[in-house]
J.: 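Following this message is one structure expressed as structure tokens.
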There are 2 protein chains.
Amino acid sequence: MTSYLHSTEAYSQSELLSDISPEGQADIFKAGHRNSYNAGEILFHEGDQAFRCYFVQSGRIKVSILHEEGKEAILRYVLPGEFMAAIAVFRGKTYPATASAVGPVSAISWDRTTMITLMHLYPPLAVNMLRVVVDRLDEVQKRYLELSAEQVAQRIARALLRMMKTSGRKTDEGIVIDFRLSRQDLADYTGTTLFSVSRVLSKWEKMGHIKSGRERIVITDAHALVAVTENS
Amino acid sequence: MTSYLHSTEAYSQSELLSDISPEGQADIFKAGHRNSYNAGEILFHEGDQAFRCYFVQSGRIKVSILHEEGKEAILRYVLPGEFMAAIAVFRGKTYPATASAVGPVSAISWDRTTMITLMHLYPPLAVNMLRVVVDRLDEVQKRYLELSAEQVAQRIARALLRMMKTSGRKTDEGIVIDFRLSRQDLADYTGTTLFSVSRVLSKWEKMGHIKSGRERIVITDAHALVAVTENS
DNA sequence: GCCGACTCTTGCGCCAGCGCAAAGAGATCT
DNA sequence: AGATCTCTTTGCGCTGGCGCAAGAGTCGGC
């Protein structure tokens, strides 16, 4: 069994904290508050004043933006060991997206003034922030290209592989994606509809590439999904 | 007639240079090299080592990413007064996209070592960079949502209105988009095909919303386009 | 002023993907 | 255990948008 954050040592994995001493990191975490959220609970809404930023300890957080008439685009899933909304808080703006807990989540959070203080105490934080946001920009741009150039099946395959890499847990059935993931979520993540996702997954299940149940997907033949990805 | 950069005074418009004294700004520009590019000329390719970054003085630069099999997504048009690729150079990575001159372009460019030196001399540069990249991230995310939620006509209307705002020039015909913009470009910008764009524009021309010619679009009824945008 | 290269238009056929509805399969609560 | 709620599947019809091909318009070079 693989997991990403058993204890506090794993903090240093975060890209935001590189080049900061272990003591400094401990200091930073001590300045934050521990929070827990239930499945489905909303941490903040798009447009709210950005008062607090978060570090995810366990669970997954869904970050999405909404369009009029209910359409939702999932921008990313925040994994344990990652920061969220740090930049919005630093800049003192509103949150650019909505964050909600996928399952039970525990996190550490800081308010704006604390964060600003920490940034003065630990200068690498600012540089790391720039790096993080650039990486994120690159990723969104790549997904933008995929959305405009690829077909639904291709995009779904890519999404599953990505989730497998970041949240896969090996079982005897195959590699299970380790959080609640509905057809609707996958549709919102890939820019299609619940129905299309359902049809594609059903087909793949018959072909033996995956197994799936309610909000649960197991990848049994990752290689086949890669082939879908490459096949125009 | 409106133009965005008649002389060097306009430099200070750039978001990257705010909180830097006029002398400092002059200093920064003196450290760069003046370059000229012909229409269609490529400044750099996606994947190249990022050696130089640019400040556009006049003309437009098209920033795009390529998908296998020729599909192209236009991420943005860089306008006079804007910086380009500053972050890629700062981070010492490869360019994440390809940049090409839309018409004749004049620009100022800096190499990596010069830039790093300047960043030490003028600390606000780093903070401004963070702000710029965050704004860009917000914009791509917004376009990602549009691409996944809206229809072709809506996206084209939005694109035209955006270009009208940033590059519109008032004439007696209406507001002309002041650079060469082909149907294919508009298609690559909105994630559709040349044909669909052509059909939509033809329709709008018949309805009197726009006038158009070869690589040239004049908006005669912006309000009607806004209506298309809002109308689901 | 003619030629060649490029851009744009439009008709036609087609299909990927959407939307709906109705039924099935799991969860959860009492 | 039964009731209820949510999530998922699947058939059916439809249509927005794609792809191609043929032709017309436009520009620039020689």
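What's counted below: heavy atoms across the whole structure, side chains too, no hydrogens, waters or symmetry copies. Reminder, nothing fancy here: chain letters follow the sequence lines and each chain counts from 1.
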J.: Should the ring pair B:Trp110 and B:Phe55 be called parallel, tilted or perpendicular, given that the plane angle runs from 0 to 90° and is split at 30 and 60?
T.: perpendicular
J.: Quick check: on DNA chain C, is the nucleotide nearest B:Ser198 upstream (toward 5') of the one nearest A:Val152, or the reverse? Name the residue that is more 5'.
T.: B:Ser198
J.: For A:Tyr189, does the six-membered ring have the charged nitrogen or CZ of A:Arg143 within the cation-pi criterion, i.e. under 6.0 angstrom from the centroid and within 45° of the normal?
T.: yes
J.: With a 4.0 Å cutoff (strictly under), does any side-chain N or O of A:Gln151 reach OP1 or OP2 of C:dG17?
T.: yes
J.: Taking any heavy-atom pair under 4.0 Å as a contact, classify A:Arg180: base, sugar-phosphate, or nothing.
T.: sugar-phosphate
J.: Please classify the nucleic acid contact of B:Leu194 as base, sugar-phosphate, or nothing, using heavy-atom distances under 4.0 Å.
T.: base
J.: Thinking salt bridges, do A:Arg91 and B:Asp135 make one under a 4.0 Å N-O criterion?
T.: yes
J.: What's the closest nucleotide to the side chain of A:Ser202 if the choices are D:dC20, D:dC7, D:dT9?
T.: D:dT9
J.: Of all the nucleotides listed (C:dT7, D:dG19, C:dG17), which has the minimum atom distance to the side chain of B:Glu215?
T.: C:dT7
J.: Touch check for B:Arg214, heavy atoms < 4.0 angstrom, all strands: base, sugar-phosphate only, or nothing?
T.: base
J.: Can we say A:Glu82 and A:Arg136 salt-bridge, meaning some charged N sits less than 4.0 Å from an Asp/Glu carboxylate O?
T.: no
J.: Would you say C:dC18 has OP1 or OP2 under 4.0 Å from some side-chain N or O of A:Thr193?
T.: yes
J.: I want to check one thing: is the phosphate of C:dT9, taken as OP1 and OP2, less than 4.0 Å away from some side-chain N or O of B:Arg183?
T.: yes
J.: Please report the distance, rounded to the nearest Å, between CD1 in A:Ile156 and P in C:dC18.
T.: 9 Å
J.: Taking atom types as they are modelled, would you say the side chain of A:Arg199 forms a donor-acceptor pair with the base of D:dG11 within the 3.5 Å cutoff?
T.: yes
